[in-house]
Amino acid sequence: MLLRASSKAVALQVQEEATMGGDGSALVEAGEELVAFGEALTLGSDELDAARARLRSKVGEATLIEAAAIAAIFNGLVRTADATGIPLDKSMQDATVQVRERLGINDFAGAQNTLG
Amino acid sequence: MQIHFNYPAEGFGVREEIMHAHRSSWRTLASASGFWTAQQRIEIAEQARAARSQRSELSFNRDYPASELSPAALEAARTIAADAKKINRAWAQQQTEAVGLAAYVELAAIVASVAAIDAFAEALGRPHEVLPQPNNETVDSTLNESVADIGAYLPMQEPWPNPNVSRAYSLVPTANAMFFGNVQVMYTGKDRGFNDLVWDGPLSRPQAELLAARVSSVNECFY
C-alpha cells in the first residue's frame, strides 16, 4: 500500500503489479533484481545467493546492505501485522479501494481483520 | 563475554545504528520480564527460529528443539514465525486466553524481532547470530494504561498519530520498543519516519517500497 503513496510523491509511474510478481519492476532502477532478492529471501529459496550476487553487481555493496535491511525488517513487520490483526489505516483504506481490488489483495486471509 | 553482531569484523559495512539495535534486541531478549523468564524468552526465540527456518515444510514435517514452554506458547511462537498468514481472530483469541494478553504481546514482539534479524543475516549471507545466554537484567513490563479496542486482536494505544502497525505491541511499551527500534533503523533510518515520502538513502523510496511491497506480497500480508 505504501508503494502507491510514495511513488506519487516522486512522480514516478510504478506499476503496482510488480509487487504481486507481474511485470513492472523494470520501471524502477534495479527493480527486477530487488524483487528477485526479496522473493528469494522471503521464500528461503536456493536462489538467494544468486539473487544477492546479481543485486550487488547492479547496485553495489552499500545499497545491497540497505536492501537487505528493508527486506529483512518487512519479514518482521508482516508477522507483526498478522499476529496482532492490525487494521488498515483509514486513510490508506480509502485510498486503495481500486488497487486492492485490481491486484486481488482483498483475497489474502489477513484481509478479513485488516479491513475491519 | 561474547560480542554479538560484530559486522565490521566480518567485513560487512552495516550501519552502526543497525548493529546497536540488534545488540540491544539480544540484550533485551536475554532479560527476564514480568511475564517470561530470561530462559523462556530465549526459548521463544529458539522455537521461532526453528519454525521460520522450516517454513517451506508442511507443519507436521518440522522438527523443533526441546523446550519447557507451554503448548500454547509453542503454538504461538511457531505459528507467528512460520505460518503468520494463517492467523485469524479465533486463533489469536485462543492464544491470548491461553498465555495472557501481555505475555502474547511480548512473545510476538520477540518472534518478529528474531525473524527480522535472522532474515538480515540470510540476506547478507552470514550465519544466524548465536542466541544470547540469560543475563541478570529485567525488562520493565509495565502495561500501557492508555489502550483501547481499535479493532485489532489486542488492545493498543489510543489515540496514535502514526501508522497503525507502529502501535502493534503498545500494550507493553518495552515490547513495542524492542521491535520498532529495529524498524526505525532498518527501514526508515535513524532520522526518518514512516510518514516521510522522499528520502535520500542509497535506495530511492520507490526502490525501497517496491522491495518492501514484494516481501509483504510473498508473505500474503494484507497490511
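In the text below, chain A, chain B and the rest are named by the order of the sequence lines, each starting its count at 1.
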Donor-acceptor contact present, side-chain [X] to main-chain [Y], <3.5 Å:
X: Arg79(A); Y: Ala81(B); value: yes
X: Tyr104(B); Y: Ala83(A); value: yes
X: Asn75(A); Y: Ala115(B); value: no
X: Gln207(B); Y: Val28(A); value: no

Between Tyr169(B) and Thr80(A), do the side chains contain a donor N or O and an acceptor N or O under 3.5 Å apart?
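Indeed, the side chains of Thr80(A) and Tyr169(B) share at least one donor-acceptor pair under 3.5 Å.
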Please name the pair of heavy atoms, one in Ile18(B) and one in Ala69(A), separated by the smallest distance, quoted to 0.1 Å.
CD1-CB, 4.1 Å
Over all atoms of both residues, closest heavy-atom pair of Asp82(A) and Ala84(B):
CB-O, 3.3 Å
Please classify the contact of Leu154(B) with chain A as side chain, backbone, both or neither, using a heavy-atom distance under 4.5 Å.
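For Leu154(B), heavy atoms of backbone and side chain both lie under 4.5 Å from chain A.
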Does a sphere of radius 6.0 Å around [atom1] in [X] hold more than 12 heavy atoms from other residues, nucleotides or ligands, not counting ones at 6.0 Å or beyond?
X: Glu57(B); atom1: CD; result: yes
X: Glu29(A); atom1: CD; result: no
X: Asp46(A); atom1: CG; result: no

Heavy-atom pairs under 4.5 Å with chain A, option from Met156(B), Arg55(B), Gln95(B) with the top count
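So the answer, after comparing Met156(B), Arg55(B), Gln95(B), is Arg55(B).
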To the nearest 0.5 Å, atom OG of Ser56(B) lies from atom CG of Leu43(A) at 9.0 Å
Enumerate by number any residue of residues 47-60 of chain A whose heavy atoms lie under 4.5 Å from heavy atoms of chain B; in the absence of such residues, state 'none'.
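Those residues of residues 47-60 of chain A which have a heavy atom under 4.5 Å from chain B are Leu48(A), Arg52(A).
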